[in-house]
Amino acid sequence: MSTIDTALQNLNITLPPAPKPVASYVPYVKTGNLVFVSGQIAMRDGKIQIAGPIPSAQSIEQGQQAARICLINALAVLKDACGGEGGGLDRVARIVRIGVFVQSNDGFDQQAKVANGASDLLIAIFGDAGRHARAAVGTNALPLNTTVEIELLAELKT
């Protein structure tokens with residue numbers, strides 16, 4: 001079992017099949033040693049799990065959970081980009097950056113706390129290679145009314 005698979009198992013996380021795009025884009029693009037993962041939403045089994053803005057419809061903690069779901073979906077896509085089985089996510093040299101978009105009510109300014117749901121999970125999975133640059137941005141709406149959307153940039157080992 002790979003190092004990353006062991007970390008996921010220890011965290012009681014099973015990666016789902018990589019989500020299919022819901023519009024006109026590809027799940028990821030590889031260029032050189034970089035993999036750009038398209039924005040992933042808080043969806044499981046074809047259903048949005050956490051919807052609506054923070055704080056009127058969801059709490060910061062629910063937003064953190066949505067960020068975790070988004071990240072798990074992004075990792076499923078990244079694993080496909082790495083060739084799936086046979087090393088898969090162990091090919092990741094480091095997580096370079098994530099962009100976290102949080103559906104927010106006017107005046108809400110705690111997007112960074114919501115984004116920590118994903119950032120903390122990346123560090124738990126990848127260790128120091130999971131430490132990344134980040135943007136946490138508030139927006140008035142996201143696709144399918146999801147609470148959080150996350151994009152990810154990773155560097156692969158040569």
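Looking only at side-chain heavy atoms (C-beta outward), T14 and L8 stay at 4.5 Å or farther from each other. Counting heavy atoms from C-beta on, the side chains of I54 and N105 never come closer than 4.5 Å. Residues V35 and L78 have side chains in contact (heavy-atom distance under 4.5 Å, counting atoms from C-beta outward). At a threshold of 4.5 Å between non-hydrogen side-chain atoms, the residues I4 and L75 do not count as touching.
No donor-acceptor distance shorter than 3.5 angstrom exists from the side chain of Q58 to the backbone of S56, with no hydrogens or angles considered. No donor-acceptor pair closer than 3.5 Å links the side chain of Q110 to the backbone N or O of I60.
Under the rule for a side-chain hydrogen bond (donor to acceptor under 3.5 Å, both in side chains), T139 has no partner lying at least two apart in sequence or in another chain. Scanning for side-chain contact (heavy atoms from CB on, under 4.5 Å) contacts around S104 gives V102, F108, Q111, with sequence neighbours left out. Here E149 pairs with nothing under the side-chain hydrogen bond (donor to acceptor under 3.5 Å, both in side chains) rule; sequence neighbours left out. Under the side-chain contact (heavy atoms from CB on, under 4.5 Å) criterion, P16 pairs with I72, N73, A76, not counting sequence neighbours.
Shown here for C82 and V92, the closest heavy-atom pair between the two residues is SG-CG2, 4.1 Å. Minimum heavy-atom separation, A66 to V148: CB-CG2, 3.8 Å. The minimum heavy-atom distance between Q103 and T146, with the atom names listed, is NE2-O, 2.9 Å.
For residues 33-61, no pair satisfies salt bridge (Lys or Arg N to Asp or Glu O under 4.0 Å), with sequence neighbours left out. Within the structure, no pair that satisfies the salt bridge (Lys or Arg N to Asp or Glu O under 4.0 Å) test touches residues 101-119, not counting sequence neighbours.
Taken together through direct or relayed side-chain contacts under 4.5 Å among Ile, Leu, Val, Met, Phe, Trp and Tyr, F126 and L11 form part of one hydrophobic cluster.
The structure places OG1 of T147 at 7.0 Å from CG of N145, a figure rounded to the nearest 0.5 Å.
Looking only at atom types and distance, the side chain of Q62 has a donor-acceptor partner in the side chain of S59 under 3.5 Å away.
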(message) Does R94 form a side-chain contact (heavy atoms from CB on, under 4.5 Å) with R131? I'd like the steps, not just the answer.
(response) CA-CA 8 Å; R94 79 169 299 118; R131 295 187 184 280; 4.3 Å; yes
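Summarising the hydrophobic clusters (Ile, Leu, Val, Met, Phe, Trp, Tyr; side-chain heavy atoms under 4.5 Å, direct or chained), the residues clustered with I69 are I50. Cluster partners of L144, using a side-chain heavy-atom cutoff of under 4.5 Å among ILVMFWY residues and allowing indirect links, are I41, M43, I48. By the 4.5 Å side-chain criterion applied to Ile, Leu, Val, Met, Phe, Trp and Tyr, L142 is assigned to a cluster that also includes F101, V137.
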Would you give me the side-chain donor-acceptor pairs under 3.5 Å for residues 150-158, sequence neighbours excluded?
unit_1: E151; atom_1: OE2; unit_2: R97; atom_2: NH1; d: 3.2
unit_1: K157; atom_1: NZ; unit_2: D90; atom_2: O; d: 2.9

Please table the atom pairs, donor to acceptor, closer than 3.5 Å between any side-chain atom in residues 18-33 and protein atoms at least two apart or in another chain.
unit_1: Y25; atom_1: OH; unit_2: V22; atom_2: N; d: 3.3
unit_1: K30; atom_1: NZ; unit_2: A81; atom_2: O; d: 3.2

Name every donor-acceptor pair, under 3.5 Å, that has one atom in a side chain of residues 114-125 and the other anywhere in the protein, sequence neighbours excluded.
unit_1: N116; atom_1: OD1; unit_2: R134; atom_2: NH1; d: 2.9
unit_1: N116; atom_1: OD1; unit_2: R134; atom_2: NH2; d: 3.4
unit_1: S119; atom_1: OG; unit_2: H132; atom_2: NE2; d: 2.8
unit_1: S119; atom_1: OG; unit_2: R134; atom_2: NH1; d: 2.8

